[in-house]
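Each chain gets a letter, A, B and so on, in the order the sequences are listed, and its residues count up from 1.
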Protein chains: 2
Amino acid sequence: MTEVAVLDTTLRDGAQGEGICLSVEDKLKITAKLDALGVAYIEGGWPGSNPKDMEYFRRMQKVSLKRAKLVAFSSTRRPGMDPADDVNMKALLASGIKTVTIFGKSWDLHVTQALNTTLEENLSMIFDTVKFLKSKGLEVIYDGEHFFDGYRHNEDYALKTVQAASEAGADWVVLCDTNGGMLPDEVERVVRFIAEKIAVPIGIHAHNDGELAVANSLAAVRAGATMVQGTINGYGERCGNANLSSVIPNLELKMNCPSLPPGRLKLLSEASHYISELANVAHLSQQPFVGLSAFAHKAGIHVSAVAKNPVTYEHIEPDLVGNKRRVLVSELSGLSNLKYKAEELNIKAEFETEQSRRIINHIKELEHMGFQYEGAEASLELLLRKAFEQVEDCFKLESFKVLMEKREDNGIISEAMVKLRVGDEIVHTAAEGNGPVNALDNALRKALEGFYPVIKDIHLTDYKVRVLDEKDATAAKVRVLIETMDAEETWSTVGVSENIIEASWQALIDSMNYVLYKKGNGKLKENVS
Amino acid sequence: MTEVAVLDTTLRDGAQGEGICLSVEDKLKITAKLDALGVAYIEGGWPGSNPKDMEYFRRMQKVSLKRAKLVAFSSTRRPGMDPADDVNMKALLASGIKTVTIFGKSWDLHVTQALNTTLEENLSMIFDTVKFLKSKGLEVIYDGEHFFDGYRHNEDYALKTVQAASEAGADWVVLCDTNGGMLPDEVERVVRFIAEKIAVPIGIHAHNDGELAVANSLAAVRAGATMVQGTINGYGERCGNANLSSVIPNLELKMNCPSLPPGRLKLLSEASHYISELANVAHLSQQPFVGLSAFAHKAGIHVSAVAKNPVTYEHIEPDLVGNKRRVLVSELSGLSNLKYKAEELNIKAEFETEQSRRIINHIKELEHMGFQYEGAEASLELLLRKAFEQVEDCFKLESFKVLMEKREDNGIISEAMVKLRVGDEIVHTAAEGNGPVNALDNALRKALEGFYPVIKDIHLTDYKVRVLDEKDATAAKVRVLIETMDAEETWSTVGVSENIIEASWQALIDSMNYVLYKKGNGKLKENVS
């Protein structure tokens, strides 16, 4: 029952990840989300390093957090300088912050090669900086950069660096695996050794270069560490930081180490997805605990076993981390998957009938043709509801035409015309686009928006193409998956054809019909002659 | 220096991953790639379970592998049945395979709830099945499904199940964390205990539901396991299997446990990317060891520190796993890459010139746009030979038009018109096709065949589409890869555009120009006015 303090550095170390760029607004929203989740510390940035972080800390002065302590990051003072005169220290004090992380060098090689100073001066830099900030009444977390590599090369010196921080009054000493290459047994041994040498609480800061950052964090806790630093979804430079979305549930559910206030673990999946949306990084569906596939069952044997008793193929109840069980309907599965799916979609129907057997055969045929519903649940729901006569299409295609033209080295022009029947009316529209599908999408929206304003609020967020039977080359079938969202939810639809435009069209109209059905616009169908 | 046997189950357990669907062709290609990488065992599928796997094993009978042993997967015999009469056993023997993995139940709960049989009968099922297959002269790997969960709930019974396999003569006993929820210290303790109880070599099969599959695999090796089962890139059901792309380099570089033949580790990154291409799953750039970002350094201090001494910010030399360091200022590394590539393609040219610097910048721009030459060497060779003025295009596009029309529920009609200049002549053709690209391909061939009869002998064998920047949905860029072959060789070309037709066109004409250059038809260019 050791309590573990979680320091989230998504906003600082996580923002170093390739392709991640957070605005000040994004950072404020993520701060609120992390506070609601209940982490102990939120490392918001480095006030001295750039104007964006300065603005963030300025605006955070007006925000009061419910549980988390806001932390600013900075380095030790420069060589040969009084901390009181150091720009970084001044920026820290000006930020109005109560808790700081100070990082210093633990590896002799870095002291002499990167800092260009002496080993003695580096110890003074650590000691003086911590002492100075403590004298100003701040809580000080000391991060020993490259601690494990330093320890491996010069055990005595690495120990001295953290002793300097400890003697100067640091509240926490954090051992960093900056290059991310340690193995868990080594981390455990070193943390145990340091925990015996210094009286200050120990923390761990791991990187994932060996795919071991979560294991290394847990190994450190086993050895006595009581702080874990990491990022949501493991964002960070190179291979990322320790993934808190996995560290936290492992601590809470497997190691009996509380790290969030009671009842908050359920918020984890939503926080993880929310932060990936703001970071504009696709959420990894395989991600442990919080990923869309984390509790998805595909094999028929698994599905029937899980239906009887979930513990047979699930290491935890998905609900504990706010995730959901999903059953995938695929060629590898059978009737039990479909029944389970229908129940999940709240489709009431009798399954032991001739009608449902026909439906199952129809789905099997479609799957044989290349349809795949495991990534396209909205198409599956529509298909089932149509089969059980619970929904009808809200419009009917009369015709469409797509034209593309290219002249010499100029770009290509794509235009589409769409003619639909909506109720008694005929609507005929034309639009351009970046490509044929985009042009078709634009023309279709133009046609429907007048009848169904809800179409204005939806947008496509993902478009995937998979070529089936690739050996048939350009005459092969393609499967198109489209993801659409409105303010509330995201749904996926599928289309299959030898013609990519036709396949895209099928997925597009499924997407439109799905939202119209969900929003109750299906009513208009009653007027269809 | 313990040697560890790697069993790759990408083709079997990996194929259970959500969104992964491998054709028989894909499986054959992946088998060849894994054999070249040098894994000890390749688990190809379950011959009794579906026609696709049956066809795979049938076709593999004609293939001889250099190092790997091909393995078929199956379950123990059914309750109350003679192994000789069991359908699964018959399918195994019919497959002509020499090595099999047999999985059986270790967890009492599964025996009574899922198998609906007695604990005693389950032990007989394991014993009889292994004994039967050994009597047929096969190598038998016994996988104890849910071993760790079973051990936790009923230690005695779990032990008996693996003892049954061991006494029946199994060559390997593999302990599976099927639900993926174990912690490394527990795995280590249990493996150590079992290794003391049975004389057969032990293996580990870990799943990643706690983001600990790599750590659990390494912990098992530390405790005495000498086989690791996993998949390339960690593909597999839910959160996937132990990621061999991380397990292998950790074993080799960190734990001094050889698991590939000498010199093969360098092939790891390429194998990982190749398999993700075939699985049509985007390669995760943050992926440890093999990801595009795994050794990516920012400009400034990091770059110069790394340039002085890479060990300062890298846990291993990227070259050891066939990966590359990436830095923002990369003109030098770009030049050495280009030289390396040109030598490989046997292109003779002077590189220390202004011209070659322009070429590098041009390639960088193209790569930034989304072109990727790893899987499209014919396009790269054409690009380089054109840049060094060693080849010219054999025809020039004047214009093309593509029309598609769909009426109500009828199929879609696709037509293309192509107007080309070949030498002094203008040729103008029209053709239909299954889809727009097929129509364009047909019209292009019609136009060229009269001038270059060699075009009649080539055919497209593969067509892949990858959506880049998927978040931009239907306005996103797509990359098209086309594979073409004639009687002698196969070559691949690439195109990138927001418009799939334009991207396909680029790849198509590269393919035609490539074969015309190779067959010496480039001569016609001398007549071009």
Side-chain angles (χ1 to χ4, degrees), chain A residues 18 114 179-181 183-184 208-212 214-215 238-240 243 246 250 254 286 288 293-294 296 298-299 305 308-309 313 315 374-375 399-408 412 434-435 437-438 441 460-467 470-471 473-476 498-502, chain B residues 16 18-19 25 113-114 179-181 183-184 208-212 214-215 237-240 243 246 250 254 280 286 288 293-294 296 305 315 397 399-408 412 414 434-435 437-438 441 460-465 467 470-471 473-476 498-502:
Chain A
E18 204 175 348
N179 290 5
L183 299 180
N208 202 35
D209 299 69
E211 203 172 332
L212 294 165
V214 171
R238 303 189 312 274
C239 309
N243 180 1
S246 294
N250 273 317
K254 306 286 174 78
Q286 282 207 333
S293 303
K298 184 167 171 180
K308 276 191 232 169
N309 184 356
Y313 284 97
H315 69 127
E374 61 179 59
S399 67
F400 70 68
K401 276 201 189 69
V402 180
L403 294 109
M404 280 165 290
E405 185 167 3
K406 183 179 167 74
R407 286 197 174 274
E408 292 177 33
I412 195 164
N434 287 339
V437 180
N438 190 232
D441 182 28
L460 305 192
T461 50
D462 204 349
Y463 177 74
K464 277 190 207 299
V465 180
R466 161 92 203 187
V467 180
E470 286 166 349
K471 292 284 141 195
T474 59
E498 279 168 352
N499 187 310
I500 192 170
I501 308 301
E502 164 102 47
Chain B
Q16 301 275 343
E18 191 172 359
E25 282 299 330
Q113 288 202 0
N179 290 5
L183 299 180
N208 202 33
D209 298 71
E211 203 171 334
L212 294 165
V214 172
E237 194 153 22
R238 304 187 312 273
C239 309
N243 181 0
S246 294
N250 273 317
K254 306 286 174 76
N280 203 22
Q286 282 206 333
S293 304
H315 69 128
L397 174 73
S399 67
F400 70 68
K401 275 201 191 68
V402 180
L403 294 106
M404 279 165 288
E405 185 167 3
K406 183 180 168 73
R407 288 200 173 272
E408 294 179 32
I412 195 164
S414 305
N434 287 337
V437 180
N438 189 233
D441 183 27
L460 306 192
T461 51
D462 203 350
Y463 177 73
K464 277 188 203 299
V465 180
V467 179
E470 287 168 349
K471 294 275 146 198
T474 58
E498 280 169 351
N499 188 310
I500 190 169
I501 308 300
E502 164 102 46

Check each atom of A:L403 against the heavy atoms of chain B and say whether the ones under 4.5 Å are side chain, backbone, both or neither. both
Could you go through the side-chain contact (heavy atoms from CB on, under 4.5 Å) check for A:Q286 and B:E18 one step at a time? CA-CA 8 Å; A:Q286 282 207 333; B:E18 191 172 359; over 6 Å; no
If you look at every heavy atom in A:S399 and B:R407, which pair is closest and at what distance? CB-NH1, 3.8 Å
Value rounded to 0.5 Å, distance of CG in A:D209 from NE2 in B:H315: 4.5 Å
How far apart are the closest heavy atoms of B:V214 and A:L212, and which atoms are they? CG1-CD2, 3.9 Å
Interface residue of largest heavy-atom contact number with chain B, from A:I501, A:I412, A:N309, A:I500, under 4.5 Å: A:I412
Do the side chain of B:K406 and the main chain of A:E502 share a donor and acceptor less than 3.5 angstrom apart? no
Gap between atom CG of A:N243 and atom CD of B:E211 - 0.5 Å precision: 4.5 Å
Might you point out which heavy atoms bring B:C239 and A:P288 nearest each other, and give the distance in Å? SG-CA, 3.5 Å
If you count heavy-atom pairs under 4.5 Å with chain B, which of A:G181, A:P184, A:G240, A:A215 comes out on top? A:G181
